[in-house]
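Here is the structure we will look at, set down as structure tokens.
Below, chain A is the first sequence line, B the second, and so on; all start at residue 1. Bear in mind the structure is a predicted one, so any value in this text is a computation, not a measurement.
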Amino acid sequence: MIKPRLYRGMRDIEPAEMEFQEIVLAKVQELFKKFGFLPLKTPAIEYLDILTGKYGEESEKLFYNLAYGDGHTLALRYDLTVPLARYIAMHTHELPNIFKRYQIQQVWRAERAQPRQGRFREFLQCDVDIIGSNSLVSDAEIIAISIECLEALGFKNYSVKLNHRVLLKGLLNEAGVHQENEMVVCRILDKIDKIGMDKVKAQLEKDLLEPGQIKKLFTFFDSKADNEQKLTNLENMKLNKDAQKGIEDLKTILGHLNSFNISQDKIEFDPALARGLDYYTGSIFETVLLDHPHIGSLTGGGRYDNLIGVFIGRDIPACGTTVGLDRIVTALSEMKRLDKKIPSNKVLVTILDENYASYSIKLASKMRKEGITVDLFPEPASIRYQLSYADKMNIEFVLLIGENEIKNKMIRLKNMKTGEQTDYPEDLIIKEIKKLTDKKENGKIENAKTP
RNA sequence: GUGGGCAUAGCUCAAUUGGUUAGAGCACCUGACUGUGGAUCAGGAGGUUGCCGGUUCAAUUCCGGUUGCCCACCCCA
């Protein structure tokens, strides 16, 4: 015998959770379509050199590398953005000048799994990207779509953090931070919210920066004002070109977001936000749940204007975000929005007698043609056995079909909730069932807790 | 990758300072109920106490190792 087990970070998504995931997925997908995005799928496996050199050293340690007999070096995709860039590079001439695509597929990362934080080694990402435009309308639209996504799923207390890579670079330059220290400094700065200003200062002082540099840096980050004010404050400092470019971009994006009718208080300009992936070149953003900080970001993205160029030697601007579907489901289930028992509007058609199995099959088929969801019991068995199944499956309506029914030409309908049983002539039974299940379906829609 | 905790029935957990046959609830199966589920009652099945070694007359309990899981940090979706 082989002990059944799962590789760490992998999980089975069981029927109840899967049904829930499908509801969430349908909403997300509908939204992407509404924004005019086209679907795309790419393979799980890519050549290793397609993936390397894009994410940064730390991330690339998390690739699942595949050994294969023919000597090719392969890996499972780490995200959906680089495969998209590869796809664009292979099809530049056929694609429209602006290409908006959404993609919903799994990605794999060999990091330590942590279910409570919605963190797995295999997880579902929903990406939306706009390829081919420099316009900051794209950045704003991508942020708008992330927000609409969360709104559609019923999230309320979230915040979109927004920053700009060029601005960040400019600010670090102003403070004289060496390039090799940039990432480390960013990472520490990022923790201002979590561990507080003083601890951050202490960490920076520890053989990284001079007190003078730290003082300078904090003139940029130490601000409680609103977005507009923060940006204006920075602008008034007359900083280097990079910083100014970043500020200008962010102001423009915030302006467009206004036009998208996105309320400004959902967005927080955070000059310390860095984000991990190397390929970002402009705006960067992510969303977090204020009540569930341990879950980390639900969405994250930014502008990456020279990623595609890596494959064709000519830059094509691009901007996009990913929506972390598994993480969203984790968050919703933590918020108790996930109803484990999804009400069923199925009808169970029983087979009580082997001799009349064909009658049950035919009736089930007829009902399905009428649009009724029918679960046909697969074998002749005792009523007890089949009713107990219906009970476990939360099925409300059961059709009893056995010798009595065939002889009397009456089908017995049992309501599992009330225990009531009524006999209907063959020609009326479908109509009756349809009436009952339609009613239930409507009630279900009216009463459905929006996840 | 760093730190901490846990490991006993399918699940959730008991088992006195180390002491006889490792228990309970839920779930499962059978019957009361030969055409009626949930409720009740009676019974049944289910275990190499993660694995390997050590200490001891005796280990679920103590020690060492190992594997797995959980939590936090890091990073991220």
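In this structure, Lys54(A) is not positioned above the aromatic face of Tyr279(A) in the sense of NZ or CZ being under 6.0 Å from the six-membered ring centre and within 45° of the axis. Under a cutoff of 6.0 Å and an axis angle of 45°, Lys201(A) and Phe218(A) form a cation-pi pair. Judged by the 6.0 Å distance and 45° axis criteria, Arg327(A) is not positioned over the aromatic ring of Phe123(A).
Using atom C1' as the reference point in both rG53(B) and rC41(B), the two lie 49 Å apart (nearest Å). Using atom C1' as the reference point in both rC74(B) and rU17(B), the two lie 42 Å apart (nearest Å). If you take atom P in rC51(B) and the same atom in rG68(B), they sit 15 Å apart, rounded to whole Å. Look at the C1' atom in both rC29(B) and rG65(B): the space between them is 41 Å, to the nearest Å. With both ends at atom C1', the span from rU60(B) to rG3(B) equals 28 Å, rounded to whole Å. Taking the C1' atoms as reference points, rU12(B) lies 15 Å from rC6(B), given to the whole Å. Comparing the C1' positions of rU66(B) and rA9(B) gives an interatomic distance of 24 Å, to the nearest angstrom. Look at the P atom in both rA42(B) and rC71(B): the space between them is 40 Å, to the nearest Å.
Scanning atom types as modelled, one donor and one acceptor separated by under 3.5 angstrom connect the side chain of Arg112(A) and the base of rU2(B). In terms of polar N and O atoms assigned as donor or acceptor, the side chain of Glu111(A) comes within less than 3.5 Å of the base of rA77(B) in a complementary pairing.
Ion pairing between Asp242(A) and Arg165(A) fails under the 4.0 Å rule for side-chain N and carboxylate O. With respect to the salt-bridge test (charged N to carboxylate O, under 4.0 angstrom), the residues Asp79(A) and Arg77(A) do not qualify.
The interatomic distance linking Gln114(A) (CD) with rA77(B) (P) rounds to 16 Å, in whole Å. Between the CH2 atom of Trp108(A) and the C1' atom of rC76(B) there is a distance of 17 Å, rounded to whole Å. Taking atom CZ of Arg5(A) as the reference point, atom C1' of rU67(B) lies 11 Å away to the nearest angstrom. Computed from coordinates, the Phe63(A) CZ to rC76(B) P distance equals 14 Å when rounded to whole Å. Rounded to an integer number of Å, the gap from Ile188(A) CD1 to rC73(B) P is 17 Å. Between Tyr55(A) atom OH and rC76(B) atom P the separation is 14 Å, expressed in whole Å. For Gln203(A) and rC74(B), the CD to C1' distance is 11 Å, given to the nearest whole Å. Atom NE2 in His294(A) sits roughly 7 Å away from atom P in rA72(B) (whole-Å rounding).
Among the atoms of the strands shown, only primed sugar atoms or phosphate atoms (P, OP1, OP2) are found under 4.0 Å from some heavy atom of Gly300(A). No engagement by Ser59(A) is indicated, since no non-hydrogen atom pair under 4.0 Å with the nucleic acid exists.
When base pairs are accepted only as Watson-Crick or G-U wobble with both N-N or N-O distances under 3.5 Å, RNA chain B takes part in stems of 3 or more pairs at B:1-7 with B:67-73, B:10-13 with B:23-26, B:28-32 with B:40-44, B:50-54 with B:62-66.
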- Message: Across nucleotides 35-43 of chain B, 5' to 3', mark each nucleotide with B, S or - according to how protein heavy atoms within less than 4.0 Å reach it.
- Response: BBBB-----
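Phe155(A) and Leu289(A) make their closest contact through CD2-CD2, 3.6 Å (heavy atoms, listed as atom of the first residue, atom of the second, distance).
A side-chain N or O of Glu426(A) and one of Tyr359(A) form a donor-acceptor pair less than 3.5 Å apart. No hydrogens or angles considered: a donor-acceptor pair under 3.5 Å links the side chains of His294(A) and Glu334(A). Under 3.5 Å, the side chains of Arg121(A) and Tyr7(A) contain a donor-acceptor pair of N or O atoms.
A salt bridge (charged side-chain N to carboxylate O under 4.0 Å, His left out) check over residues 261-284 of chain A, counting only residues at least two apart or in different chains, returns the pairs Lys161(A)-Asp270(A), Arg275(A)-Glu286(A).
Considering only side-chain N and O atoms, Arg275(A) lies under 4.0 angstrom from the phosphate OP1 or OP2 of rA77(B). Between Arg116(A) and the phosphate of rA72(B), there is a side-chain N or O to OP1/OP2 separation shorter than 4.0 Å.
In terms of position along RNA chain B, the nucleotide closest to Gly9(A) lies nearer the 5' end than the nucleotide closest to the other residue of the pair Phe123(A) and Gly9(A).
Between Tyr304(A) and the options Thr81(A), Asp129(A), Thr281(A), a side-chain hydrogen bond (donor to acceptor under 3.5 Å, both in side chains) holds for only Asp129(A).
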